[in-house]
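As C-alpha cells, the structure follows; a few thoughts come after it.
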Amino acid sequence: MDDDLDDYSSRVLDVVDAIPPGQVMSYGDIAEYLEAGGPRQVGRVLASYGGAVAWWRVIHADGTPAPGHDAAALENYLAEGTPLRAAPHIPPGRPVRVDLRRARWSGQR
DNA sequence: GTGTTGACAATCA
DNA sequence: CTGATTGCCAACA
C-alpha cells in the first residue's frame with residue numbers, strides 16, 4: 001500500500017490525519033511531537049503530500065492558516081467548529097486567526 | 001561541497 | 001499590529 005512516502009513524511013501525514021475536528025496543530029508543535037526535523041520540514045511534507053490530509057488543521061504558531069487556500073480553510077473551520085478569533089463576517093484583507101488557546105491539540109487529550 | 005529557498009518560529013524595534 | 005532579523009533543518013540547483 002502506500003509505502004511510496006518516506007518514513008518521516010508518512011509520520012507527519014499520520015499525525016495530521018489524527019488531529020480531531022475542531023482542533024489544530026502548529027508546524028512547530030508537530031515537529032516537536034515527532035521529535036524530528038523542524039517546522040519547515042513539516043511544511044515541506046504538507047506542501048508535497050498535504051493534498052491527502054486535512055492540511056487546514058495545520059497552521060502557523062500565530063494562528064494563521066497556510067497559504068494557497070485560506071478561504072477554503074475558513075470554510076473548514078466553520079464546518080468543523082474550530083474556535084476562531086474573528087467574527088464570521090471576515091472582510092477581504094483580514095487574515096483568518098484561529099484561537100490556538102483552545103484549538104491547540106497536544107496529540108493527547 | 002556551496003549557496004539559495006522554503007505551507008516556520010521567536011524576538012526586537 | 002507590522003516589519004525586520006536570526007535561528008533551525010532539509011531539499012534543491
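Both backbone and side-chain heavy atoms feed into the values below; hydrogens, waters and symmetry mates do not. Note on naming: letters A, B, ... go to the chains in the order of the sequence lines (proteins, then strands), and numbering restarts at 1 for each one.
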Any residue meeting side-chain hydrogen bond (donor to acceptor under 3.5 Å, both in side chains) with A:Arg104, in chain and number order, not counting sequence neighbours: A:Asp29
Distance in angstrom units between A:Trp55 CH2 and B:dC8 C1', rounded: 17 Å
Student check: side-chain heavy atoms of A:Met25 and A:Ile19 closer than 4.5 Å: yes
Atom pair CZ/CD1 of A:Arg97 and A:Ile59 - distance to nearest 0.5 Å: 10.5 Å
Phosphate-side-chain proximity, A:His60 and B:dA7, N/O vs OP1/OP2 below 4.0 Å: no
Heavy-atom closest contact (A:His60 atom, A:Pro65 atom, distance): CD2-O, 3.9 Å
Separation of atom OH in A:Tyr8 from atom P in C:dA10, rounded to whole Å: 8 Å
CD/A:Glu80: more than 12 non-hydrogen atoms of other groups inside 6.0 Å: yes
From CG (A:Leu74) to CH2 (A:Trp56), nearest 0.5 Å: 13.0 Å
Residues from residues 20-41 of chain A lying under 4.0 Å of DNA chain B - heavy atoms: A:Ser26, A:Tyr27, A:Gly28, A:Pro39, A:Arg40, A:Gln41
Sugar-phosphate only, base, or nothing, as touched by A:Ala61 at under 4.0 Å among non-hydrogen atoms: sugar-phosphate
Nearest-Å distance for atom pair CG/P, residues A:Leu100 and B:dC8: 15 Å
N/O donor-acceptor pair under 3.5 Å between A:Asp6 side chain and A:Tyr8 backbone: no
Whole-Å gap separating P (C:dA10) and CG (A:Asp6): 13 Å
Distance-minimising heavy-atom pair for A:Val98 and A:Pro83: CG1-O, 3.6 Å
Identify all pairs in which a protein N or O lies below 3.5 Å from an N or O of nucleotides 1-4 of chain C, and state each distance.
from: C:dC1; atom 1: OP1; to: A:Arg97; atom 2: NH2; distance (Å): 3.0
from: C:dC1; atom 1: OP2; to: A:Arg97; atom 2: NH2; distance (Å): 3.3

Length of the line joining A:Arg44:CZ and B:dT4:C1', which is rounded to integer Å: 11 Å
Minimal non-hydrogen separation, A:Tyr27 against A:Ala66, with atom names: OH-CB, 3.4 Å
Rounded distance in Å - CD1 (A:Ile59) to P (B:dC8): 13 Å
